[in-house]
Amino acid sequence: MLIVDIILGGLILGGMYALVAMGLTLQYGVARIMNLAYGEVLIAAAFASYVLFTTFAVSPLVGMLLVLPAGFAASWLIYQGLLMPLVRRAKTRDALEVDSILATFGLLFVVQGIAFVLFGGQYYSYSYLSVPITIAGSTIAVNRLIAFGFAVALSLILYTVLMRTRTGTAIRAVAVDPTAASLVAIDVRRIAGLAFALGGAMCAAGGVLVSMFLTFNAAMGVVFTMKALIVVIMGGVGNLLGALVAGLLLGLVETVVARLVDPGLTLAATFILFLTVLLVWPTGLFGKAGR
């Protein structure tokens, strides 16, 4: 059934967008780092999953146990080595945001260049659990359902950590007001670094899941960065629930346009939705005025 196809396809695509955007929500909403190299981390994780599966026959779901910590560690090192000097010298969070855009813009080309050297410009994919099953008259590949299930599970784990642990409370406090957080003995820089690394881990997880059912190449990171930024802004900067809702909404809209209108118009539909949301809710669906 066409309606079921659209709903399932939209939810799966939106779930991927939401998972990826949650990582950027942490990096930008908490650490105030506008990471333009975010999509390159995702593509690096996708290539890592590809190599593990095709060379060592490691399932991407098992490989995630390696790729996710690697994404965390790499993001932590990037924050400490590249971004911490910017944090120290920035007089305001707005100044840090501008500096981080310039720094990560350069990092984007470094990571992308390494990917081109290692893998070239061709597209890659691999077949993992691409067995079709039928749900309510709609045929869908098992790998897409598994990817969606893991995206939901990881999102719930992250939400629980942020809402139910002391570290999560500290992260939320820094996101709301870093000055006030420092007055209650929260190490703002350490928490910001932790949030940036967690965001990198979520991005790496998204890369592994996306690689299970999408083709990708070394130049696609920019696309994922753009989609993640749109979802973060639509949902409200720093709001995980907003990222989830906005991601699902974007996935559904893109699927509707691709199936009922023209696949070539999905990008236009993305920006129409983005502009419409901002015209009605200038701070995003769940954003707060004055943030």
Side-chain angles (χ1 to χ4, degrees), residues 10-33 35 38-39 41-42 45 61 64-65 67-73 75-76 79 144-178 181 186 188 190-210 212 224-225 227-252 277 281 283-288 291:
L11 288 177
I12 290 171
L13 182 61
M16 294 301 103
Y17 286 158
L19 176 66
V20 173
M22 282 182 177
L24 188 60
T25 294
L26 284 174
Q27 292 187 345
Y28 182 52
V30 180
R32 211 60 183 182
I33 300 296
N35 185 7
Y38 188 78
V41 175
L42 185 146
L61 301 181
M64 192 181 296
L65 298 176
V67 177
L68 197 150
F72 181 95
S75 297
W76 175 264
Y79 186 85
R144 290 177 176 261
L145 291 177
I146 292 176
F148 179 71
F150 267 80
V152 171
L154 289 171
S155 300
L156 290 175
I157 290 171
L158 177 62
Y159 184 80
T160 301
V161 168
L162 291 178
M163 301 303 295
R164 302 293 182 183
T165 66
R166 291 178 62 88
T167 300
T169 301
I171 290 174
R172 288 186 288 117
V174 173
V176 173
D177 192 332
I186 293 176
V188 173
R190 184 181 70 83
I191 292 298
L194 176 62
F196 189 88
L198 279 175
M202 295 294 287
C203 181
V208 173
L209 296 178
V210 164
M212 289 168 52
F224 286 102
T225 300
K227 294 293 179 67
L229 281 173
I230 288 174
V231 172
V232 168
I233 296 172
M234 278 177 53
V237 175
N239 193 301
L240 289 180
L241 179 59
L244 173 61
V245 173
L248 293 174
L249 181 60
L250 181 61
L252 286 169
V277 169
W281 298 280
T283 58
L285 296 172
F286 293 85
K288 295 181 180 179
R291 266 192 61 84

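For the numbers below, each heavy atom of this structure counts, side chains included, while hydrogens, waters and symmetry mates do not. Just so it is clear, the model here is predicted, and its values are computed rather than measured.
Of the candidates T167, L162, T169, T165 forms a side chain to side chain contact (heavy atoms under 4.5 Å, CB included) with just one, namely T167. A side chain to side chain contact (heavy atoms under 4.5 Å, CB included) with V208 is found for exactly one of V67, L65, L61, namely V67.
Residue N239 holds its CG atom at 11.5 Å from CZ of R172, rounded to the nearest 0.5 Å. Note that the CG atom of L26 and the CE atom of M202 stand 7.5 Å from one another [nearest 0.5 Å]. Atom CG of L209 sits about 11.5 Å away from atom CZ of F148, to the nearest 0.5 Å. Atom CD1 of residue I12 and atom CG of residue L248 lie 11.5 Å apart, to the nearest 0.5 angstrom. How far CE of M16 is from CZ of R144: 10.0 Å, rounded to the nearest 0.5 Å. In this structure, D177 CG and I186 CD1 are separated by 10.5 Å, a value rounded to the nearest 0.5 Å.
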Exercise for the section: Report the C-alpha distance between F150 and L19 in whole Å, list the side-chain angles of each, state the deciding distance to 0.1 Å, and finish with yes or no for side chain to side chain contact (heavy atoms under 4.5 Å, CB included). Expected result: CA-CA 10 Å; F150 267 80; L19 176 66; over 6 Å; no
Exercise for the section: Could you walk me through whether M64 and L154 pass the side chain to side chain contact (heavy atoms under 4.5 Å, CB included) test, one step at a time? Expected result: CA-CA 12 Å; M64 192 181 296; L154 289 171; 4.2 Å; yes
Practice task
Please assess I146 against M212 for the test side chain to side chain contact (heavy atoms under 4.5 Å, CB included), listing each intermediate value before the final yes or no.
Solution key: CA-CA 9 Å; I146 292 176; M212 289 168 52; 4.1 Å; yes
Exercise for the section: Test side chain to side chain contact (heavy atoms under 4.5 Å, CB included) on V210 and F224 and set out the steps. Expected result: CA-CA 11 Å; V210 164; F224 286 102; 3.9 Å; yes
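Nearest heavy atoms, G71 versus A204: CA-CB, 4.0 Å. Closest approach of G207 and A45 over heavy atoms only: CA-CB, 4.2 Å. Summarising the geometry of T25 relative to A243, their closest heavy-atom pair is OG1-CB, 3.8 Å, with the distance given to 0.1 Å. Closest non-hydrogen pair, A151 versus G15, comes out as CB-O, 4.0 Å. Scanning all heavy atoms of the two residues, the minimum distance from G235 to A246 falls at N-CB, 3.8 Å. Among all heavy-atom pairs drawn from A21 and V232, the shortest one is O-CG2, 3.5 Å.
Between the side chain of Y38 and the main chain of L229, no donor-acceptor pair closer than 3.5 Å is present. Listed for the Y17 side chain is no donor-acceptor partner under 3.5 Å among the backbone atoms of V231.
For the pair I33/Y79, a side-chain contact is recorded, criterion being any heavy-atom separation below 4.5 Å from C-beta on. For the pair R32 and V174, the minimum side-chain heavy-atom distance is 4.5 Å or more. Residues L198 and V30 fail the side-chain proximity criterion, which asks for heavy atoms closer than 4.5 Å. Taking 4.5 Å as the limit, every side-chain heavy atom of V20 sits out of range of all side-chain heavy atoms of K227.
When the shell of 6.0 Å around CH2 of W281 is examined, it contains 12 or fewer heavy atoms from other residues, nucleotides or ligands.
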